Amino acid sequence: MRIYNTLTQQKEEFKPIEPGKVRMYVCGMTVYDYCHLGHGRVLVAFDVISRYLRHRGYDVHYVRNITDIDDKILARADENGEIYSDLTGRMIKAMHEDEARLGVLSPSEEPRATAFIDEIIAMIHKLIGSGHAYAADNGDVYFSVDSFSDYGKLSKKKLEDLVAGARVGVQEAKRSPADFALWKAAKPGEVSWDSPWGEGRPGWHIECSAMSTKCLGDTFDIHGGGPDLLFPHHENEIAQSECATGHKFVHTWMHAGAIRVNKEKMSKSLGNFFTIREILEKYPAEVVRYFLVSSHYRSQVDYSEDSLAEAGRTLTKLYHALRGITPAKDSDVPEGDHDRRFAEVMDDDFNTAGAIAVLHAVANDINHYRREGNEDQAKRSAAVLVRLGGVLGLLQQDPEAFFQADTGGELSAADIEAMIQARAEARKAKNFAEGDRIRDELLEQGIVLDDSREGTTWRRG
RNA sequence: GGCGCGGUGGCAGAGUGGUUAUGCAGCGGACUGCAACUCCGUGUACGCCGGUUCGAUUCCGACCCGCGCCUCCA
């Protein structure tokens, strides 16, 4: 299996540190607002990655943290006039709802920064002791980037450039403009924790170093996150962790691609972001997931109404293949060519676009077999489709549930069934005009009818 | 300015030194009372210029264009 490593800028043969086991850490959310589609992309990308690693037989220990203390959280809580922990509690709950709807499985562990203050302080203490960090006069503690000769190895940045490019008005207390805070002194009235350097709270970067080291050890296999975390966050994590432990921090660095909206990066600073829950009001969750999975995790994707609509049509087609048949028992269907092809493309840096092409090939088989009246083979292929779809977190619903999911239309399922019944009677009496009228009426409500030998089924289009 | 990524058919999106991506949309046909679904068939492609090669969309170099990071951001 080959994985693209941001650190070496190439695909590398993946060799876990401990055979059969994968230790993976992904930077999660800072919980001061609802998750947006960019978060969704990271969530889904690493969900697929962990699912596939498990499918490949690895014992995956997947840690994804929650940053539940930071400047933005305090600012927002202040704005809302609430205690910061009430805000983070609400947002964590919302995040878990969004994840569940997108079919993202829970990570093995979900550490929160505020529960790791002791470990954070211990790590900072160690860094000061070894001369990699210093307590400044203002109560902050900074990491000294000059003390780490490898600084910049992930982002390929040169320290001189960073220092030269630093904004004017940098913190006076810093020895070098590129130094970053490990511990921030508390401002009056702010929530804080006691430390050897006075009351304060951890900086953002040190949290991840402390949590990942505590949960996964000094060195682990995969560290992932969003594209904009590469610098400075991940660069800083490397500096902190490698200086604190004396060991290599991470073998493989993985970064997801950015989501764009109208040719612009979707970001909080641009204010052009869509929250996951906003999008889920308009599209079924699995369609959103299909959209995200249908392009490679490292590529940039454009969010648009059209692309979601297309994803919906395509997923509908796949579910049509599964409609009305009971898949064979998974264990009765040994791995075949499609399984092998699927593994081949996924082994190549998780090529989900290629994997979806395999799904379509399997769906094609099912439709062929059904046309030939070969129910048995159709059921076996259906088992393969559900099996492979499951690795991508797709096609796990009952097809009727997918087709008939209530999207807030005016008609209930019972109303629709009644109209279909009326139409069937009209058609039986050769009153096609009336039958078509009913069909058109349903179509106006977004209900599409599919006739087959066995009768008429419907879906919300 | 520094560092990095990318330019594939109407659109989305994989991949490859010589041979089918796949999907959506379109077109023709089969099925259907008519449709939908499904099936069969079908067209349009690799930014530009050089180089390497028997042969390059695929490798190398220049160029043009787009994008990301360099500042809180997934």
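All of these numbers come straight from a predicted model, not from anything done at the bench. Below, read A as the first sequence line, B as the second, and so on, with proteins coming before strands; counting in each chain starts at 1.
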Using the C1' atom on both, measure B:rC65 against B:rG47 and round to a whole Å. 8 Å
Does the structure show a Watson-Crick or G-U wobble partner for B:rA25, both distances under 3.5 Å? Name it, or say none. none
Would you classify A:Ser295 as touching base, sugar-phosphate or nothing, given that sugar-phosphate means primed atoms plus P, OP1 and OP2, and contacts are heavy atoms under 4.0 Å? sugar-phosphate
Taking the C1' atom in each of B:rU32 and B:rC39, what is the distance between them to the nearest angstrom? 13 Å
Between B:rG55 and B:rG50 - P atom distance, rounded Å: 15 Å
For atom CD of A:Glu372, is the number of surrounding heavy atoms from other residues, nucleotides or ligands below 6.0 Å larger than 12? yes
Determine the contact category for A:Phe231: base if any of its heavy atoms lies under 4.0 Å from a base atom, sugar-phosphate if only primed atoms, P, OP1 or OP2 are that close, otherwise nothing. sugar-phosphate
Without decimals, in angstroms, what is the distance between A:Gln9 CD and B:rC69 P? 17 Å
In terms of side-chain heavy atoms of A:Lys72, which of B:rC3, B:rG68, B:rC72 is nearest? B:rC72
Looking at A:Glu12, A:His251, A:His255, A:Lys11, which hits side-chain hydrogen bond (donor to acceptor under 3.5 Å, both in side chains) with A:Asn5? A:Glu12
Complementary nucleotide of B:rC3, counting Watson-Crick and G-U pairs under 3.5 Å: B:rG68
Is the shortest side-chain N to carboxylate O distance from A:Glu425 to A:Lys428 below 4.0 Å? no
Go through B:rC3, B:rC34, B:rC73 for me and flag the one nearest to the A:Arg423 side chain. B:rC34
Earlier contact from the 5' end, RNA chain B, for A:Val448 and A:Gly435: A:Gly435
B:rG1 P sits how many Å from A:Lys157 NZ, rounded? 15 Å
Classify the nucleic acid contact of A:Arg260 as base, sugar-phosphate or nothing, counting any heavy atom under 4.0 Å across all strands shown. sugar-phosphate
Quick tally for nucleotides 19-31 of chain B: nucleotides whose base has a protein heavy atom under 4.0 Å get B, sugar-phosphate-only ones S, the rest -, giving --BSBSS------
Pairwise P distance, B:rG33 and B:rG13 [rounded to whole Å]: 41 Å
B:rA35 base to A:Asp451 side chain: any donor-acceptor pair below 3.5 Å? yes
Assign A:Gly257 to base, sugar-phosphate, or nothing according to its heavy-atom contacts below 4.0 angstrom with the strands shown. base
I'd like to know if A:Asp440 pairs up with A:Arg437 as an ion pair, taking the criterion as any Lys NZ or Arg NE/NH1/NH2 lying under 4.0 Å from an Asp or Glu carboxylate oxygen. no
With no angle test and no hydrogens, is the base of B:rA74 tied to the side chain of A:His36 by a donor-acceptor pair under 3.5 Å? yes
Using the P atoms only, state how far B:rA14 lies from B:rG23, rounded to an integer number of Å. 15 Å
Closest nucleotide of RNA chain B for A:Val301 versus for A:Trp204: which of these residues is on the 5' side? A:Val301
Length of the CG-P vector between A:Asp440 and B:rA36, whole Å: 12 Å
Base, sugar-phosphate, or nothing for A:Asn351, non-hydrogen atoms under 4.0 angstrom? sugar-phosphate
Base, sugar-phosphate, or nothing for A:Asn367, non-hydrogen atoms under 4.0 angstrom? sugar-phosphate
Salt bridge flag under 4.0 Å for residues A:Asp376 and A:Lys379: no
Would you please indicate if the ring centroids of A:Phe249 and A:Phe220 are separated by under 6.0 Å? yes
Between B:rU58 and B:rU16, how far is it from one P atom to the other, in whole Å? 13 Å
How many whole angstroms separate atom CG of A:Asp365 from atom C1' of B:rC39? 13 Å
Would you mind classifying the nucleic acid contact of A:Leu229 as base, sugar-phosphate or nothing, using non-hydrogen atoms under 4.0 angstrom? sugar-phosphate
Could you check how far NE2 of A:His255 sits from P of B:rG68, rounded to whole Å? 17 Å
SB check A:Arg323 A:Asp450 (cutoff 4.0 Å): yes
Taking atom C1' in both B:rU8 and B:rU22, what distance in whole Å separates the two? 13 Å
In Watson-Crick or G-U wobble terms, with both distances under 3.5 Å, the base opposite B:rU16 is none
For a quick check of understanding: with a heavy-atom distance under 4.0 Å over all strands, which category does A:Arg341 fall into, base, sugar-phosphate or nothing? nothing
B:rC34, B:rC37, B:rA74: which one has an atom nearest the side-chain heavy atoms of A:Asp436? B:rC34
Have a look at A:His296 and say if it touches a base, only the backbone sugar-phosphate, or nothing, with a 4.0 Å heavy-atom cut-off. sugar-phosphate
Picking from B:rC69, B:rC34, B:rC73, the nucleotide nearest the side-chain atoms of A:Lys265 would be B:rC69
From B:rA74, B:rC3, B:rG68, pick the nucleotide closest to the side chain of A:Gln300? B:rG68
With A:Arg64 as the cation and A:Phe46 as the aromatic partner, state whether NZ or CZ is under 6.0 Å from the six-membered ring centre and within 45° of the axis. no
Going by an N to O cut-off under 4.0 Å, is there a salt bridge joining A:Lys174 and A:Asp140? no
Ranking B:rC37, B:rA35, B:rC40 by distance to the side chain of A:His368, first place goes to B:rC40
Centroid separation A:Phe403 to A:His320 less than 6.0 Å: yes
At under 4.0 Å between heavy atoms, what does A:Arg298 touch on the DNA or RNA strands: base, sugar-phosphate, or nothing? nothing
Base, sugar-phosphate, or nothing for A:Ala258, non-hydrogen atoms under 4.0 angstrom? base
Taking the C1' atom of each, how far is B:rG17 from B:rU52, in whole Å? 12 Å
For A:Ile259, answer base if it contacts any base atom (sugar-phosphate contacts may also be present), sugar-phosphate if it contacts only those atoms, and nothing otherwise; contact means non-hydrogen atoms under 4.0 Å. base
Take atom CG of A:Leu159 and atom P of B:rC3, then tell me their distance rounded to the nearest Å. 15 Å
Is B:rC34 paired to anything, Watson-Crick or G-U wobble with both distances less than 3.5 Å, and if yes, which nucleotide? none
For the pair A:Glu97 and A:Arg101, find out whether any cationic side-chain nitrogen is under 4.0 Å from an anionic carboxylate oxygen. no
Select base, sugar-phosphate, or nothing to describe what A:Ser452 touches, counting heavy atoms under 4.0 Å on all strands. nothing
Determine whether any donor atom in the side chain of A:Arg439 lies under 3.5 Å from an acceptor atom in the base of B:rC34, or the reverse, and answer yes or no. yes
Nearest-Å distance for atom pair CG/C1', residues A:Asn65 and B:rA74: 12 Å
Distance, rounded to the nearest Å, where A:Asp70 contributes CG and B:rC72 contributes C1': 8 Å
Carboxylate-amine/guanidinium contact A:Asp47 A:Arg51, below 4.0 Å: yes
